[in-house]
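Note sheet for the following structure.
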Amino acid sequence: MTDWVKIAEDQEIPKFKIDLNADEPAPTTTASKDNEPDVADPAETSLLIKILGKGLVNTKQSLDIQQKNPNSPLHSVKTFEALHLKPELLKGIYAMGFNTPSKIQETALPTLLADPPQNMIAQSQSGTGKTAAFVLAMLSRVNVALDHPQVLCLSPTYELAIQTGEVAARMGQFCPEIKLRFAVRGEEVDRNSKITEHILIGTPGKMLDWGLKMRLFDMKKIRVFVLDEADVMIATQGHHDQCIRIHKMLSSQCQMLFFSATYDKEVMDFARLIVPEPTIIRLMREEESLDNIKQYYVNCKNEEGKYNAIQNIYGCISIGQAIIFCHTRKTAAWLASKMTTDGHSVAVLSGDLTVEQRLAVLDRFRSGQEKVLITTNVLSRGIDIEQVTIVVNFDLPVDLRGNADCETYLHRIGRTGRFGKSGIAINLIDGEKSMSVCRAIEKHFQKDIIYLNTDNADDIEKIGN
DNA sequence: AAAAAAG
């Protein structure tokens with residue numbers, strides 16, 4: 001077991017539970033009852049205060065602030081005007097087509113924009129407006145009089161960083177004086193001159209390179225630190241080390257904002273250790289996306305069988321776009337070349353590609369020039385493509401030990417059924433092992449995964465409705 | 001196993 005897990009266990013976390021919303025049903029509902037996928041441990045829930053129904057959870061600290069301060073950030077807002085943003089930012093919000101705040105924005109924005117700044121750990125499916133929420137916080141805190149980076153945003157992948165940057169550029173389109181820069185693979189930098197842009201959005205390696213190794217900007221001057229997909233970023237296996245090195249260099253005055261669709265208990269405990277006095281926001285079931293996604297499984301004999309199933313499904317994809325997830329880059333490449341040989345038009349995206357290629361592929365898929373995208377876990381998280389109606393798991397997501405990786409599954413099939421639309425997830429099964437993984441996933445989410453016979457055209461027809 | 005880095 002790693003160090004931080006031990007620290008998390010040793011740490012004495014005070015226990016309290018306060019129902020902030022007396023009008024709502026009795027606090028018995030705070031117990032993790034009906035299938036809440038990510039709230040595994042009821043004890044975890046009991047450490048927190050929850051505004052029932054709204055899914056807002058708060059720690060004691062921010063409650064204290066609320067009691068002292070009548071303009072407390074705990075009140076949610078129903079309009080963007082109520083946030084008292086700079087007019088240029090408000091204009092940007094409306095230009096993007098947002099009229100009223102989404103649920104996560106309603107509850108998170110007052111805290112994100114509060115003065116003095118408040119730290120936050122937020123859980124919300126992407127596609128519910130969380131990117132826009134933290135981008136707004138990033139933009140609103142920039143002091144354009146200073147020509148050095150003041151805002152850092154870290155993403156786990158190249159694609160996600162670019163996507164976030166695009167949201168920031170659009171939302172800040174009427175604030176031309178705010179400068180933004182990507183710190184990602186392929187970005188050239190002049191090692192002799194300091195970085196002058198206000199906002200850096202990027203991946204951990206490049207950010208460390210520029211900030212620590214090349215000292216092109218001062219981490220101590222960062223005022224806002226955003227960690228997107230925070231759970232993968234701080235999970236022991238992943239980008240943990242790099243993120244922690246960056247985190248350690250930040251000033252204690254820096255506002256820390258952690259966002260993720262899911263947090264398991266260990267990761268949440270760790271997040272609470274490194275984010276001082278956080279406001280914790282959790283968006284509950286009604287906006288988690290499994291409900292509007294129909295899940296299926298297909299029995300296949302082997303890899304070839306899976307390929308045949310894909311071919312059968314391919315015919316009914318005309319309604320929208322599809323993403324096919326494979327376990328390895330190799331499988332993805334194999335599948336793509338096989339389908340291409342058979343005359344199907346498909347695109348592949350994996351870490352095998354150069355950043356330029358990755359950008360081009362995603363562009364083609366976004367614009368609808370490609371209907372089918374074959375990829376790896378690189379795209380399992382956070383990428384918003386509205387027209388995706390089908391997600392196929394060519395390989396089910398498993399962890400290092402080969403057990404069901406329910407978190408990744410949730411993220412993957414969350415690529416469809418976004419923004420309240422309905423979606424379809426199809427899992428290809430070959431043999432006992434993958435069947436048991438499938439059963440484990442079904443059990444975990446308490447959502448039926450229905451048998452689908454892809455050799456039967458009528459059966460495939462049915463999946464649309 | 002994948003991803004992030006100049007690796």
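All chains are named by letter (A, B, ...) in the order of the sequence lines, taking the proteins before the strands, and each is independently numbered beginning at 1. We use all heavy atoms of the structure for the numbers below, so side chains are in, but hydrogens, waters and symmetry mates are not.
For A:Tyr158, counting side-chain heavy atoms from C-beta on, the closest listed nucleotide (B:dA4, B:dA2, B:dA3) is B:dA4. Distance from the side chain of A:His327 is smallest for B:dA1 among the nucleotides B:dA3, B:dA1, B:dA4.
Note: NE2 (A:His411) to P (B:dA1) measures 22 Å, nearest angstrom. Whole-Å rounding puts the A:Asp405 CG to B:dA1 P distance at 14 Å. Atom CG of A:Leu362 and atom P of B:dA3 are 14 Å apart (whole Å). In this structure, the CZ atom of A:Phe325 is 14 Å from the P atom of B:dA2, given to the nearest Å. Rounded to whole angstrom, the span from the NZ atom of A:Lys206 across to the C1' atom of B:dG7 amounts to 12 Å. Taking atom CD1 on A:Ile162 and atom P on B:dA4, their separation rounds to 11 Å, with Å as the unit. Rounded to whole Å, atom P of B:dA3 lies 17 Å from atom CG of A:Asp399. Rounded to an integer number of Å, the gap from A:His239 NE2 to B:dA1 C1' is 13 Å.
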Could you please spell out the steps behind the side chain to side chain contact (heavy atoms under 4.5 Å, CB included) verdict for A:Trp210 and A:Arg181? CA-CA 12 Å; A:Trp210 290 3; A:Arg181 183 154 183 181; 3.9 Å; yes
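The residue A:Arg358 sits close only to the backbone: its heavy atoms come under 4.0 Å of sugar-phosphate atoms, none of a base. Within 4.0 Å of A:Val232, counting heavy atoms only, lies no atom of the nucleic acid at all. Note on A:Ser350: only backbone sugar-phosphate atoms sit closer than 4.0 angstrom, heavy atoms only; bases stay farther off. Among the heavy atoms of the strands lying under 4.0 Å from A:Leu400 is at least one base atom, whether or not backbone atoms are also near.
No side-chain heavy atom of A:His198 sits less than 4.5 Å from a side-chain heavy atom of A:Leu180.
Remark: A:Thr376 is in phosphate contact with B:dA3, judged by side-chain N or O atoms under 4.0 Å from OP1 or OP2. Neither OP1 nor OP2 of B:dA1 sits under 4.0 Å from any side-chain N or O of A:Arg329.
Partner A:Leu154 forms a side-chain contact (heavy atoms from CB on, under 4.5 Å) with one of A:Asp228, A:Val226, A:Ile246 and no other, that one being A:Ile246.
Surrounding CZ of A:Arg191 are at most 12 heavy atoms belonging to other residues, nucleotides or ligands under 6.0 Å away.
Ring orientation note: the planes of A:Phe134 and A:Phe259 are tilted relative to one another, at an angle of 30° to 60°.
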